[in-house]
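One structure is given below, represented as structure tokens, and several questions about it will come after.
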Amino acid sequence: MPSTGGPPVPYLPPADVAEARRVQEELRSRVDLVGPGPAAPATVAGLDVAYAQDRDLLAAAVTVLDATTLDVVDEAVCVGRPAFPYVPGLFAFREMPALLAALDRLTTRPELLVCDGHGLAHPRRFGLACHLGLVTGLPTIGVGKTPLVGSWTGPGPERGDSADLCDEGEVVGRVLRTQDGVRPVFVSVGHRMGLDEAVERVLALTPRYRLPETTRTADRLCRRALADAGASGGDLGGR
DNA sequence: GCGACAG
DNA sequence: ATCTTGTCGC
């Protein structure tokens, strides 16, 4: 029986920065960094958030893709207010409430979540992808566009070339070239997934562009939702 | 003490 | 994240 990492973890909004760090320290041991995840997932979801700083608004989007065709088969958004200030390393507390609300609005249950941000590659080894994995119980992967922690050498210039991302003497992720000659992305395990497996999934999601199709579709959706929220009066909701 | 710092 | 023109290259 594949483990889901124990009993469900509720999402609890922290009162301040110190409490947020304590929550991460407490939950980090419950992450499953090995997996394996689904051998051949039928669906993969992408999550992303867009901000309108000046209006104190945010839109969280989830798109569910057919893992083979990469067509969008389901999607949901949630427009709301940032739930926490932006503090590097505590990023999850800002976006999670809206992301969870969007996930709740899906009509299907994706088999894998690809997050816009890191998982294990985090100062306390508990980035957004890990937290989202524990709370949803789903396998998750973190894909960051820029590093938060760690150092590396390489990777080679071609699609598929990669190098270990190391921090404090441990491998916390993989720096992966998803297209020939483009800047690499930073892949790390979120939950219920091994690193090699995560890298394979990301490559399967990047047949053409630097970023996974999941991230690209979710990005377009949350931007559109934010624009609509401004055009249609400004009331929240998500439909 | 000084800088760095996912989105 | 977001604010933004032009520019290099396929």
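None of the values given here were measured: they were computed from a predicted structure. Just the heavy atoms: all of them, side chains too, but no hydrogens, waters or symmetry mates, feed the values below. Lettering follows sequence order; numbering is per chain, from 1.
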Okay, side chain of A:Arg192, backbone of A:Gly133: is any donor-acceptor separation there less than 3.5 Å?
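No.
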Readout for nucleotides 1-7 of chain B: B = base within 4.0 Å of protein heavy atom, S = sugar-phosphate only, - = neither; 5' to 3' it is ----BBB
Scan A:Ala52 against the nucleic acid and name what it touches under 4.0 Å (heavy atoms): base, sugar-phosphate only, or nothing.
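Counting heavy atoms under 4.0 Å across all strands, no contact is made by A:Ala52.
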Treat primed atoms plus P, OP1 and OP2 as sugar-phosphate and everything else as base, then score nucleotides 5-10 of chain C 5' to 3': B for base contact with protein heavy atoms under 4.0 Å, S for sugar-phosphate contact only, - for none.
------
Which donor-acceptor pairs under 3.5 Å do side chains of residues 163-174 of chain A form with protein atoms, sequence neighbours excluded?
unit_1, atom_1, unit_2, atom_2, d
A:Asp164, OD1, A:Arg174, NE, 3.1
A:Asp167, OD2, A:Arg125, NH1, 3.1
A:Asp167, OD2, A:Arg125, NH2, 3.0
A:Glu170, OE2, A:Arg125, NE, 3.3
A:Glu170, OE2, A:Arg125, NH2, 3.3
A:Arg174, NH1, A:Asp196, OD1, 3.4
A:Arg174, NH2, A:Asp196, OD1, 3.0

Does any donor atom in the side chain of A:Thr63 or A:Arg220 lie under 3.5 Å from an acceptor atom in the other side chain?
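The answer is no; no qualifying pair exists.
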Salt-bridge present (A:Glu25, A:Arg22; N to O < 4.0 Å):
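Result for this pair is no, no salt bridge flagged.
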What I want to find out is whether A:Arg224 reaches A:Asp228 closely enough, with some N-O distance under 4.0 Å, to be called a salt bridge.
no
Tell me the side chain to side chain donor-acceptor pair (under 3.5 Å) pairs involving residues 128-156 of chain A, sequence neighbours left out?
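Every side chain to side chain donor-acceptor pair (under 3.5 Å) pair that includes a residue of residues 128-156 of chain A, provided the two are not neighbours, is A:Asp116-A:Lys145.
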Using every non-hydrogen atom in the two residues, find where A:Val62 and A:Leu221 come nearest and quote the distance to one decimal.
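Closest pair (atom of A:Val62, atom of A:Leu221, distance): O-CD2, 3.9 Å.
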For A:Cys222 and A:Val49 the tightest heavy-atom approach is SG-C, 3.7 Å
Are A:Met96 and A:Val135 close enough, and set up right, to give a side-chain contact (heavy atoms from CB on, under 4.5 Å), and what steps lead you there?
CA-CA 10 Å; A:Met96 285 230 344; A:Val135 173; 3.9 Å; yes
Roughly, in whole Å, what's the span from CG in A:Asp54 to P in C:dT2?
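So the CG-P distance, A:Asp54 to C:dT2, works out to 11 Å.
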Secondary-structure string, 5' to 3', Watson-Crick or G-U under 3.5 Å, | for another-strand partners, for DNA chain C
..........
Sequence neighbours left out, what pairs pass ring-ring contact (aromatic ring centres under 6.0 Å, His included) with at least one residue falling in residues 30-54 of chain A?
none
